[in-house]
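Working notes for the structure below.
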Amino acid sequence: MAKEPQTPMDDELARQEQESETPEQESEDRLVEGELEGLINDDEAVVDRVDDEAEVDVLAAKVQDLEQRLAEAKDQSLREAAEAQNVRRRAELEAEKARKFALEKFVKELLPVIDSLEKALESMQEDASEVHREGVSMTLKMQLDVLGKFGVESIDPQGEPFDPQVHEAMAMVPNPEQEPNTVMEVMQKGYLLNGRLVRPAMVVVSQKANES
């Protein structure tokens, strides 16, 4: 069966139908494109937000690491400063100790001279001249004064309680008239150098008398 020829009316109707459908189709196309663009923009925002959060985490980790390193550096600096101060203090104490006790050997060598002068003065008889006695006495005093200027002091514990730190007991003698462990006699004086014992005092110590 042969196709009927289209009339001008049919052409006009077809043209109007095509024109009426085109705006709707274009509108749908624009809507789809807009939705796609929105989805793409949303995806890009999500990706940007994820990237920002990851960058923040990385920066926070770096800040924490730097803070820890700074704390460790401060602690190490304080330790080194304290150690330097201790070293300096020990050096100062050693220097002070060396200064105070540098004369110890010299003092030990000089003490027998002091002992001899004291014994000579004690052993002088009444017939010894006053000039002689005064000369020995003044020489002894000068020697003691010089030693005193350098921190030397004598230990003469007559009548004091016995102290084993600075006294050396040469004998123990019963004596009912004195308390036990009392120094009855000083056989040889002791000496200190700036508080350090150079020579102990040699003494006789009392002890409790035996009851009969």
Side-chain angles (χ1 to χ4, degrees), residues 41-118 140-172 179-207:
N41 292 334
D42 290 342
D43 290 342
E44 290 178 350
V46 170
V47 171
D48 292 340
R49 185 166 62 252
V50 170
D51 291 341
D52 291 341
E53 291 177 355
E55 186 175 357
V56 169
D57 291 340
V58 171
L59 291 175
K62 289 183 178 180
V63 169
Q64 184 177 2
D65 180 62
L66 290 174
E67 289 178 348
Q68 182 176 357
R69 291 185 180 182
L70 179 60
E72 292 176 354
K74 286 183 177 179
D75 182 68
Q76 182 66 22
S77 177
L78 291 175
R79 290 176 182 272
E80 291 177 354
E83 180 63 22
Q85 185 176 2
N86 290 334
V87 171
R88 184 171 61 254
R89 188 174 300 170
R90 285 195 297 268
E92 291 175 353
L93 290 176
E94 289 296 328
E96 181 68 14
K97 183 179 178 181
R99 185 188 66 80
K100 282 185 175 181
F101 305 114
L103 296 176
E104 184 173 358
K105 185 176 181 181
F106 174 73
V107 170
K108 286 182 177 180
E109 294 293 331
L110 190 59
L111 290 182
V113 178
I114 303 295
D115 295 336
S116 297
L117 290 173
E118 289 180 340
L140 175 61
K141 184 178 182 303
M142 289 175 61
Q143 292 276 8
L144 294 175
D145 288 344
V146 171
L147 291 177
K149 290 180 180 179
F150 291 93
V152 179
E153 55 183 318
S154 63
I155 304 173
D156 188 6
Q158 182 72 38
E160 298 178 2
F162 176 74
D163 184 356
Q165 299 295 325
V166 292
H167 305 159
E168 182 177 351
M170 305 305 293
M172 301 286 291
E179 291 291 331
N181 293 324
T182 299
V183 176
M184 297 173 51
E185 180 184 354
V186 178
M187 301 176 64
Q188 187 181 68
K189 292 180 181 179
Y191 287 89
L192 300 171
L193 174 60
N194 292 313
R196 176 191 285 184
L197 183 66
V198 176
R199 188 181 74 182
M202 298 181 181
V203 298
V204 177
V205 183
S206 64
Q207 67 179 18

Gln64 CD: over 12 foreign heavy atoms closer than 6.0 Å: no
Roughly how far apart are [X] [atom1] and [Y] [atom2], rounded to 0.5 Å?
| X | Y | atom1 | atom2 | result |
| --- | --- | --- | --- | --- |
| Lys105 | Leu193 | NZ | CG | 15.0 Å |
| Glu185 | Met170 | CD | CE | 11.0 Å |
| Met187 | Met202 | CE | CE | 8.0 Å |
| Leu110 | Leu144 | CG | CG | 9.0 Å |

Quick one: are Asp115 and Glu118 in side-chain contact, heavy atoms under 4.5 Å? yes
State, yes or no, whether a side-chain contact exists between Leu66 and Leu70 at a heavy-atom distance under 4.5 Å. no
Residues at least two apart in sequence or cross-chain that pass side chain to side chain contact (heavy atoms under 4.5 Å, CB included) with Glu83, listed by chain then number, are Asn86, Val87, Arg90
Check whether Ser116 reaches the backbone of Pro112 with its side chain - one donor and one acceptor, N or O, closer than 3.5 Å. yes
Is a side-chain donor or acceptor of Ser206 paired with a backbone partner of Thr182 at a separation under 3.5 angstrom? yes
Per side-chain hydrogen bond (donor to acceptor under 3.5 Å, both in side chains), Gln76 is matched among Lys74, Arg79, Glu80 by Glu80
Nearest heavy atoms of Lys189 and Arg199, plus distance in Å: O-NH2, 2.7 Å
For His167 and Val183 the tightest heavy-atom approach is ND1-CG2, 4.1 Å
Name every donor-acceptor pair, under 3.5 Å, that has one atom in a side chain of residues 147-162 and the other anywhere in the protein, sequence neighbours excluded.
residue : atom : partner : partner atom : Å
Gln158  : OE1  : Val186  : N            : 3.4
Gln158  : NE2  : Met184  : O            : 2.5

